[in-house]
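The figures here come from the full heavy-atom set of this structure, side chains too, leaving out hydrogens, waters and symmetry mates. Atoms within a ligand are numbered from 1 in the order they appear, just like the ligands themselves.
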Amino acid sequence: MNKSFKIIVITLCILILCISIILGIILFKPKEKEVIPNKYNANATKVMDELNIKDKINKLDYSKTLEVILENNLYQDKYLDKYIKIDYIEFPNFINYVNDLLNKNYNSEEINYLFKYYLDNINIFLNMDYIDILQFKDITNFDLNKLDRYLNYQKANNYDMKTVVTYVNIGLDLEGYSKYVEYTEEEAKNLSILVNKYHKLPDDYEPDDLVSLSYNVNYKLRKEAADAFEKLTSAGILDNIYFYPFSPYRSFSTQNTLYNMYKNRDGEAKADTYSARPGFSEHQLGLAVDVRSSTLNDNLTPEDYEWMLNNSYKYGFIVRYPKGKQHITQFMEEPWHIRYLGVDLATKVHDSGLTYDEYYDLYLETH
Ligand SMILES: [Zn+2]
């Protein structure tokens with residue numbers, strides 16, 4: 001082998017070595033530290049730098065709530081995950097409220113819900129211990145003004161919250177007659193009006209369209225109810241069900257006499273279970289009538305009652321005080337007492353299986 005060939009080989013080897021070293025330097029150059037883009041404004045960033053949490057925060061989604069919390073030096077590290085999920089709203093003291101609610105153990109979802117639906121009343125929640133607010137989410141008749149009553153009533157009873165809300169709205173957490181709505185004359189004329197121990201008619205209210213029933217000229221109901229009652233009676237006869245009216249419209253003063261008679265005889269507590277106090281009786285509406293089976297002195301036979309439960313709504317009447325509902329209607333079972341509501345509403349109430357007190361609160365009352 002000649003000398004020049006050796007030199008060429010050595011030169012080539014040196015060249016390959018050099019190229020390898022250069023390539024190695026290029027390919028295996030240590031990576032530069034990853035730069036995490038900053039998503040926050042200068043004031044928030046300054047606070048993040050001071051607290052040394054800039055990278056931690058910028059790895060998460062941007063949150064306006066968090067930005068404002070940082071800017072105002074109200075950041076609490078333990079709530080970072082929650083701040084991110086709280087929707088920002090323009091509202092005085094918003095961020096203070098966020099921290100206050102977090103301190104009370106509300107989670108992000110609950111806080112968003114409170115701000116969305118109860119912003120104007122947020123103080124109610126700031127002034128009380130944590131409550132499971134989302135349990136009211138799907139309860140359409142929930143009324144924030146009654147929140148304390150709902151919570152107290154549930155503590156004292158074993159009902160689910162949906163039932164609690166309806167019962168408290170009716171007034172069942174209060175003694176009957178202790179607190180009631182007093183209707184105007186105009187309101188009293190409404191065919192769908194609810195009258196119970198929490199809703200009173202004006203003392204001097206008397207319907208202006210009372211007409212006599214064919215059974216007895218002294219027995220009166222409002223025109224529409226009277227016509228419907230005649231149809232109901234005829235429909236019964238076709239089904240071999242015979243009943244007659246014995247107590248239709250009663251004036252305030254008649255009810256007063258009646259109630260006081262019962263009270264003197266049985267005592268107030270007992271009388272209240274079966275007779276309404278004056279002003280609180282559906283009979284004063286001219287839309288309610290007590291009926292009797294032709295074979296009985298003071299009631300409907302079980303067969304007639306069954307027929308009434310299943311058919312009266314077709315003529316616009318409901319059985320107002322059915323069996324097993326005393327705790328809601330606040331009156332003992334009265335198979336004989338039917339109330340006119342009109343066919344449409346009576347059908348809906350019948351189909352709902354609810355008492356009128358419940359139905360009214362759920363579907364007719366504005367909350
Ligand atoms: Zn009655």
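- Side-chain atoms of D160 come within 3.5 Å of backbone atoms of T163 as a donor-acceptor pair (strictly under, hydrogens ignored).
- Among the atoms of E282, no N, O or S atom falls under 2.8 Å of the Zn ion (ligand 1).
- Checked against the Zn ion (ligand 1), the N, O or S atom of D290 at the shortest distance is OD1.
- Remark: E110 engages Y106, N107, Y130, D132, I133, L134 in a side chain to side chain contact (heavy atoms under 4.5 Å, CB included) (not counting sequence neighbours).
- When the Zn ion (ligand 1) is compared with the N/O/S atoms of H283, atom NE2 turns out nearest.
- For the pair Y113 (side chain) and S108 (backbone), a donor-acceptor distance under 3.5 Å is absent.
- Side-chain rings of Y150 and F142 approach one another, their centers coming within less than 6.0 Å.
- The atom of H337 nearest to the Zn ion (ligand 1) is ND1, with the search restricted to N, O or S atoms.
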